[in-house]
Undergrad: 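Dumping the structure here so I can ask a few things about it.
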Amino acid sequence: MSTTELHVHNPVEDLLRQDRIPTIWCPGCGIGTTVNSFAHALLGQDIDLKKTAIVSGIGCSGRVSGYMNLDSFHTTHGRAIPFATGLKLANPELNVIVYSGDGDLTSIGGNHLLHAARRNMDLMVVCVNNMIYAMTGGQAAATTPGAANSTTTPYGAFEPELNIPQIVDAAGACFVARWTAFHVMQLERTMAKALKKKGFRFIEILSPCPTYFQRKNNMGDGLAAMVDYKKRSKIKNGCPTWETVLEPGGEIIVGEFVDREREDYLTRMRRQLGSNYTEFPPQMEEHESEGCSKEC
Amino acid sequence: MHADQRCVLTGTHFINGDAACCEGALAAGARFAAGYPITPSTEIVERFAARAPKVGGLFIQMEDELASSIAIQGMVWAGQKSFTVTSGPGYSLMMEHIGLAAISETPCVFVDVQRGGPSTGLPTLPAQGDMMQARFGSHGDYVTIALCPNSPQECFDLAVKSFNLAEQYRVPVMFMMDECVGHMTEKVVIPKADDIALFPRRHASKPPGEFTLFEPGPDLVPEMAHAGEGYKVYVTGLTHDKRGYPVLNADAQRELITRLFEKIRRASDELTMVEAEGLEDADVVVVSYGITSRVAQRAIQMARDKGLKVGKLRLICVWPFPEKLIRELASKVKALVMPELNMGQVVLELERCAGGQCQVISVPHPGGTVHKPAEILEAIERGAR
Amino acid sequence: MLKELRIAGFGGQGVILAAHIIGRAASIHEGGYATMTQNYGPEARGGAASAALVVSDQPVLYPYAVSPDILVALSQEAYSRFVGEVKEGGMLLVEEDLVPLDQKAQHLKVYGIPATRIAEELGKKMVLNVVMVGFFCAITRVLSREAVVAAVTDAVPERFRQLNLSAFDRGFQYGVDLLAKGAVTEENSVAVPQESEV
């Protein structure tokens, strides 16, 4: 029997750049699991994959864009969202998904996250939160919970963790959800829903990093993390985001927290511009900032 | 003075360099821009924000210069021409994305209206202190093209040229204005749209499946495909192969980086853009760029009135540096004099290329205003001795 | 012919537009060259506004006005700040209701006009800058009347064109009358206090 006969075609394969597999991710890492849910969500939708682009920053999760068989953009550290903003503005037909990690999106890129949510830029942002800087070898992140150990916090971190859904909600995102790498079916459904929605959509996914976060904090391997997520998770759809803080060892509140309607940036721009948009240019006046031409 | 469909404001105007730069960008076909307010560059995007929507474009004010300098690259990969505009501290923040544009061969234009520095320095006064930054500011090895206008007219003409060069060579082009040129108002003649030559995007000539994103063309410049066209492009800031896939080893690095250098090196004759006068029998040649070249011209006239044989060489394109031209010149003259509104930046390259064949006299100036012609005259006289 | 001039006043008087009109007249309608520069920075926010022009029949090389041949001062602060840099024997044009002169003006040829009052008579105080441009045109004779009128026409929106042209005419006529009165070159048209009086 040859190996080809054994091969059963998995529809997800079409969405992956097969010539890039295997991935760089460690055994037990949750990123691949999230990608599986994402691929299924994409396939289950009536979405033109030719018009779908994926943008990442830097880090382990930043490699997701490069494994997807879409228009893939692997940008600089923290700047996936502004790149994606440019892509969307210059071609509004595109479905633009940002897929990156917690450090990339919320720390070095935190400002962009806030402002894209505030603008309600029509982007879907997936944040894989492994609570640590993994690509660089296990340093503390803004999301490292409590006093957890990392290579840069050998005595434990001295600062509290960021509650990402709360800030994204406060900044104005129209959709905010959180799942863990254990909740593959729920995640797929939420992603499918978010893909269809317009505006700034944000999904946080807790994901184990057995190589750094779990090991540094004696939390076992990837499987142990799944058991832990199962045990500690509590589904609370519509939960106020100020209650979604991730306390070490405490409850992990998951679910779809925010789902509201808000005019997205481009829609609002077109509405406000009205006849000032795409019209044959009228006569230009070279006015000065002062002088009679303005005040008269 | 009606602008046409191409948004070219054909006619004779009395506008400042910032406004002229904006008109140049529009005439070059740029419809999208991102930026963050900073003196003395903001007038460019203020005007663009008013003009662009009328031709289906837009300006977005991003949260900072980091965001602006990468948003424009998203715009380019979506199929548009795009640029960002900044000064001083904002230019420093953009450095990382100049590198990204260089390695991903994203054609775009960075406009830097130079002001006095370092740090916050002199926000409303001119300098030319970012010239080395324009060449070497981002980490790693890369090459860019940098143009320096010396009048509002050139802010228009060379803005168009900047976009054309970006498309032709697929590099980020640094449009190095300065506060004086940006805020100075003079007559600007904008030609008819049909008389403005544009270099079109080198779009993929093969269909998806047959096209390799970073396959170099005969001039080492690859063709480009955009998001949403079915090519499934893969663009990364990592060292990559012809498909765009990351390959993290020395061989891939050698192949990519040497090509990025070589595509510009091969074009060095075409990129030697200078204004020369009286070089034939000159004892001394004043080499300058940007606003300083106008003051140098005054000094040259004063020196000629005194009977000195002085030539003028104005660098319109500073990077790549016109190495061959300078080598030849240095073998024929007594001295090269270089005034610049910094403590001596481009003069280092001048000295290197002169290679000891003649005297090289730097006329540094910390900025805040332009040189006094007498300062340059004094250097000319020293060189002629 | 190379003339340096400075127009200064306070924010809202339209000094930038006035300089713009003169520069436009020189470089576009007169076929010469003009370079206009402005003061920016904190000092240019709100309070003082100033613009300088270098006008020539040759391309302008040095962009700034170093020692103006002509200063147009529309406020007392502008006068105090810039009168010292005017070339010996240069011209000073002032808004005479707003600029009290002192001995610093005694080596200059001084011409005054109540530009604000004239503008108010026209119904819009804001056109005082164009009144001043008309006055400038008549007194200095650096530029032809036709060129400046064309520049005024270009530089203001259509609906304010007539008003601005009237403002120009009033300023111009005031200048012509002043010169006819004999307050030409030797005598100052505005009394400049002597050292002892100050």
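Reminder, nothing fancy here: chain letters follow the sequence lines and each chain counts from 1.
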Undergrad: With a 4.5 angstrom heavy-atom cut-off, could you sort out which part of A/Thr76 is near chain B: side chain, backbone, both or neither?
TA: both

Undergrad: So how far is it from B/Ile60 CD1 to A/Met269 CE, rounded to the nearest 0.5 Å?
TA: 9.5 Å

Undergrad: Could you grab the distance from atom CG of A/Leu49 to atom NZ of B/Lys232, nearest 0.5 Å is fine?
TA: 6.5 Å

Undergrad: Flag the one option from B/Ala225, B/Gly79, B/Gly230 with the top tally of heavy-atom pairs under 4.5 Å to chain A.
TA: B/Gly230

Undergrad: Locate the shortest heavy-atom distance separating B/Tyr231 from A/Asp71; write the atom from each residue and the value.
TA: C-OD1, 4.1 Å

Undergrad: Do B/Val235 and A/His74 have side chains that approach each other closer than 4.5 Å (heavy atoms only, starting at C-beta)?
TA: no

Undergrad: Looking only at heavy atoms, which two atoms of A/Leu87 and B/Trp77 are closest? And how far apart?
TA: CD1-C, 3.9 Å

Undergrad: Select one option (side chain, backbone, both, neither) describing which atoms of B/Ile72 are under 4.5 Å from chain A's heavy atoms.
TA: neither

Undergrad: Looking at A/His9, I want to see if its NE2 is surrounded by more than 12 non-hydrogen atoms of other residues, nucleotides or ligands under 6.0 Å.
TA: yes

Undergrad: Need one label for A/Met68: side chain, backbone, both or neither, based on atoms under 4.5 Å from any heavy atom in chain B.
TA: neither

Undergrad: As an exercise: rank B/Ser69, B/Pro246, B/Ala52 by heavy-atom pairs under 4.5 Å with chain A and give me the winner.
TA: B/Pro246

Undergrad: Please state whether the side chain, the backbone, both or neither of A/Leu70 comes within less than 4.5 Å of a heavy atom of chain B.
TA: backbone

Undergrad: Of the backbone (N, CA, C, O) and the side chain (C-beta and beyond), which part of B/Tyr234 lies under 4.5 Å from a heavy atom of chain A, both, or neither?
TA: both

Undergrad: Is the CZ atom of A/Arg268 crowded by more than 12 outside heavy atoms at less than 6.0 Å?
TA: no

Undergrad: Would you compute the distance between atom CZ of A/Arg63 and atom OG1 of B/Thr236 and round it to the nearest 0.5 angstrom?
TA: 7.0 Å

Undergrad: So which of A/Ser72, A/Ala84, A/Ala53 has the biggest tally of heavy-atom pairs under 4.5 Å with chain B?
TA: A/Ser72

Undergrad: For chain B, which candidate among A/Gly78, A/Ala116, A/Gly66, A/Ser65 shows the most heavy-atom pairs at distances under 4.5 Å?
TA: A/Gly66

Undergrad: Of the listed residues (A/Leu89, A/Thr85, A/Ile54, A/Asn91), which shares the most heavy-atom pairs with chain B below a 4.5 Å separation?
TA: A/Leu89

Undergrad: In terms of heavy-atom pairs under 4.5 Å with chain B, which of A/Glu93, A/Arg20, A/His115 leads?
TA: A/Arg20

Undergrad: How about B/Tyr142: does its OH atom have over 12 heavy atoms from other parts shown lying under 6.0 Å from it?
TA: yes

Undergrad: Please determine whether the number of non-hydrogen atoms from other residues, nucleotides or ligands lying under 6.0 Å from atom NZ of B/Lys206 exceeds 12.
TA: no

Undergrad: When rounded to the nearest 0.5 angstrom, what distance separates CG in A/Leu273 from NZ in B/Lys54?
TA: 9.0 Å

Undergrad: Is any side-chain heavy atom of B/Asp64 less than 4.5 Å from a side-chain heavy atom of A/His112?
TA: yes

Undergrad: Hey, are the side chains of A/Phe73 and B/Val233 touching, using non-hydrogen atoms and a 4.5 Å cut-off?
TA: yes

Undergrad: Under 4.5 Å heavy-atom distance to chain B, tell me which part of A/Arg119 shows up: side chain, backbone, both or neither.
TA: side chain

Undergrad: If I take atom CZ from residue A/Arg79 and atom CE from residue B/Met62, how far apart are they, to the nearest 0.5 angstrom?
TA: 10.5 Å

Undergrad: Specify which of B/Ala19, B/Ala227, B/Gly57 makes the most heavy-atom pairs with chain A at under 4.5 Å.
TA: B/Ala227

Undergrad: Determine whether more than 12 heavy atoms belonging to other residues, nucleotides or ligands lie under 6.0 Å from atom NZ of B/Lys242.
TA: no

Undergrad: Hey, what do you get for NZ (A/Lys51) to CD (B/Glu229), rounding to the nearest 0.5 Å?
TA: 7.5 Å

Undergrad: Under a 4.5 Å heavy-atom cut-off, does chain A meet the side chain of B/Gln80, its backbone, both or neither?
TA: side chain

